[in-house]
Amino acid sequence: MFRAILNGSQEREGFYLYGDKGGGSASRNMRSDIFANELGNSVVVYKADPLVTPTSPPGQYFINLKGRIEIHYQKGFAQANTYKDAPYPISWLEVTGGKVKVRENGMVMNPQDLIFSGDMDRKRISNLLPLDYNAQKAIQLQDLAKTAKNYQEKVYLHTDKPYYYAGDQVFFQGLFCLWKLLSAG
């Protein structure tokens, strides 16, 4: 999610951010189970200006996230729905200090300042893939592994005679080759 925010593609990748509506009272913490009813009343689309700020050293950034952020991942499916009209995973994020420091690959530099709850907390989504995961590269490597199975090393020995008797001296030369095995069908 943080890498998507850095790239400005969080919504394209399915992450929608919402914040608590300002000026609310304690009774606003009581919500209905219909997200459409809450949107605009107790929850608003999260907008931070600027959302991303470059820092030093180069390649590190601050993501400005103040208050409690509600994260809707609309490309997934939740086991238990938070809202009746939102069948996808929903999580909450609270950031101490209002800034998440991340590298350009999305790796969090200050994890002690983050508190996740909801689906991201239960499933530990951040631990499922390596930080530098690249789907296109993974597909290419998968194709390479399939292709490598078609190749097999073979050893060829060249000898000086076609037949030998016990006690004859053997002169040979070895050669390793990589050959593609052709299979029918």
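Below, each value reflects all heavy atoms present in this structure, side chains not excepted, and no hydrogens, waters or symmetry copies.
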For Phe171, the rest of its hydrophobic cluster, which grows through side-chain links under 4.5 angstrom: none

side-chain hydrogen bond (donor to acceptor under 3.5 Å, both in side chains) filter on Lys66, not counting sequence neighbours, yields none

For Pro50, all residues meeting side chain to side chain contact (heavy atoms under 4.5 Å, CB included), sequence neighbours excluded: Thr53, Asn64

With sequence neighbours excluded, tell me which residues meet side-chain hydrogen bond (donor to acceptor under 3.5 Å, both in side chains) with Thr96. none

If you look only at pairs with a residue in residues 101-114, which of them pass as a salt bridge (Lys or Arg N to Asp or Glu O under 4.0 Å), with sequence neighbours excluded? none

Once ring-ring contact (aromatic ring centres under 6.0 Å, His included) is applied, do any residues pair with Tyr88, and if so which ones, sequence neighbours excluded? His72

Can you name the side-chain hydrogen bond (donor to acceptor under 3.5 Å, both in side chains) partners of Thr55, sequence neighbours left out? none

Any pair with a residue in residues 77-91 that passes salt bridge (Lys or Arg N to Asp or Glu O under 4.0 Å), sequence neighbours left out, goes on the list, sorted by first then second residue, please. Asp33-Lys84

List in chain and number order the residues that pass side-chain hydrogen bond (donor to acceptor under 3.5 Å, both in side chains) with Ser9, two or more places apart in sequence or in another chain; answer none if no residue qualifies. Glu13

Residues clustered with Tyr164, ILVMFWY side-chain links under 4.5 angstrom: Leu157, Val170, Phe172

Give me each pair satisfying salt bridge (Lys or Arg N to Asp or Glu O under 4.0 Å) with a member in residues 155-166, each pair once, sequence neighbours excluded. Lys161-Asp168

I'd like to check the ring-ring contact (aromatic ring centres under 6.0 Å, His included) partners of Phe116; sequence neighbours left out, ordered by chain and number. none

